[in-house]
Amino acid sequence: MKEAFLKYQAQTTPHPLAMEISHAKGSYIYDTKGKAYLDFVAGVSACSLGHSHPKVVSAVKAQLDSYLHVMVYGEYIQKPALELTKLLAKHLPEPLESTYLVNSGTEAIEGSLKLARRFTGRSEIIAAKNAYHGNTMGSLSLMDYEERKQPFLPLIPDVTHIEFNAASDLEKITSKTAAVILETIQGGAGFIEPTNNYLSKVQQRCNAVGAVLILDEIQPGIGRTGKLFGFEHYNCQPDIVVTGKGLGGGLPIGAFSASKQMMDSLSDNPKLGHITTFGGNPVVAAAALATLEEVTTSNLMLETLEKEQLIRQHLQHQHIKEIRGRGLMLAAFTENAELTNQVILKAQDQGLILFWLLFEPKAIRITPPLTISNEEIIEGCRIITSILDEL
Ligand SMILES: Cc1ncc(COP(=O)(O)O)c(C=O)c1O
């Protein structure tokens with residue numbers, strides 16, 4: 001299959017891992033040779049309930065028996081999308097009661113940027129250095145990584161950057177600013193948490209100058225940090241919340257939520273301010289609804305913090321210099337990129353899936369499903385420390 005994969009399927013790197021997948025269940029992915037891999041990555045934080053969670057699978061099957069796609073987003077009343085947006089509203093702080101469902105994280109970011117520009121009538125967008133918000137033109141414009149942007153220039157204009165966690169940069173947010181967009185916890189940069197009440201200071205500054213604060217919860221959201229939304233840890237209330245990844249329970253989704261008043265500005269003058277054919281797809285929405293119900297009614301979020309402690313305890317090793325992040329959004333740092341690289345590749349040989357972070361080559365990504373068991377955590381950590389012992 002590998003030859004055909006490299007020939008027919010567009011590639012993202014010259015050297016993909018190219019594991020041939022047979023099936024996946026719980027915390028394990030199985031290859032076509034029958035080898036089991038313990039998954040410490042969860043599809044890059046997307047499979048929040050592990051693989052093929054029975055509640056997600058049965059919600060999808062039930063929906064398959066009723067109807068699939070019937071109409072472009074927003075025209076017909078479809079119960080799965082309606083129930084999903086209602087449940088999100090129940091758990092989001094007031095007045096964020098209106099959610100626009102789309103197909104991916106990056107589309108949700110695009111939608112949030114359009115909403116902020118449309119609502120404020122301003123154009124400047126301020127993003128943080130080392131941020132990652134997706135790969136379509138608008139999301140890419142938010143990145144300050146010149147090497148990755150250069151081949152695709154020109155991108156959208158009027159984007160400037162501030163240093164994450166630097167209060168001294170907040171004066172760059174002015175009455176010209178439409179939106180400040182931040183990841184609640186910076187992912188690709190190395191799982192960097194906001195410190196010294198940073199998000200609350202950004203919020204105050206945005207309120208003072210009439211700018212919209214957008215928080216990208218695509219990675220920390222939906223329980224991964226021990227709360228449903230990461231911002232709940234940091235005394236902050238955004239104007240727009242963007243979710244994706246873990247919301248879908250393994251199916252493709254994105255969502256941006258705002259007040260009804262703000263969101264209404266996308267549907268009028270001009271009408272059809274954002275449109276999408278498949279956003280809110282009933283099968284995807286059914287999977288997301290089952291996922292959100294499970295995360296919000298089970299003990300999973302509480303257990304996430306206990307599981308973090310277990311990982312920290314079992315990953316003590318002379319070559320692990322630091323573990324950053326919160327809950328099950330953790331990055332273990334070795335002393336250099338080469339060592340990290342070897343650990344990730346050797347782990348795969350030994351049946352443990354680990355991965356890299358986008359901009360931080362010393363970090364080993366540890367973002368398992370929220371449903372991972374304590375025994376599985378201990379086993380995964382044992383594999384990592386035994387590899388480090390040998391290196
Ligand atoms: C913080 C953050 N924002 C946005 C995105 C883009 O989401 P998607 O890949 O679904 O477009 C990602 C994906 O990794 C992400 O981690």
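Both ligands and their constituent atoms are indexed starting at 1 by order of listing. Atom set for the values below is all heavy atoms of this structure, side chains included, hydrogens, waters and symmetry mates excluded. The first residue in the sequence is number 1, and the count goes up from there.
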Next item on the list: At a heavy-atom distance under 4.0 Å, which protein residues reach ligand 1? Sort them by chain and number, would you?
Entry: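 For ligand 1, the contacting residues are Ser104, Gly105, Thr106, Tyr132, His133, Gly134, Glu183, Asp216, Ile218, Gln219, Lys245.
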Note to self: Taking the basic N atoms (NZ, or NE/NH1/NH2) and the acidic carboxylate oxygens, is any pair closer than 4.0 Å for Lys129 and Glu163?
What the structure shows: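 A salt bridge links Lys129 with Glu163.
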Checklist line | Residues Arg122, Glu124: salt bridge by 4.0 Å N-O rule | finding: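 A salt bridge is absent here (no side-chain N lies under 4.0 Å from a carboxylate O).
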Next item on the list: Using the test salt bridge (charged side-chain N to carboxylate O under 4.0 Å, His left out), find all partners of Glu360 that sit at least two apart in sequence or belong to another chain.
Entry: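 Glu360 satisfies salt bridge (charged side-chain N to carboxylate O under 4.0 Å, His left out) with no other residue.
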Note to self: Clusters formed by hydrophobic residues whose side-chain heavy atoms approach within less than 4.5 Å: which one holds Leu272, and what are its other members?
What the structure shows: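 Via sub-4.5 Å side-chain contacts, Leu272 links to Ile275.
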Check: Rest of the hydrophobic cluster containing Phe5 (Ile/Leu/Val/Met/Phe/Trp/Tyr, side-chain heavy atoms under 4.5 Å)?
Finding: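 Result for Phe5 is Leu6.
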Next item on the list: Check step by step if side chain to side chain contact (heavy atoms under 4.5 Å, CB included) holds for Leu310 and Glu306.
Entry: CA-CA 6 Å; Leu310 198 63; Glu306 292 161 15; over 6 Å; no
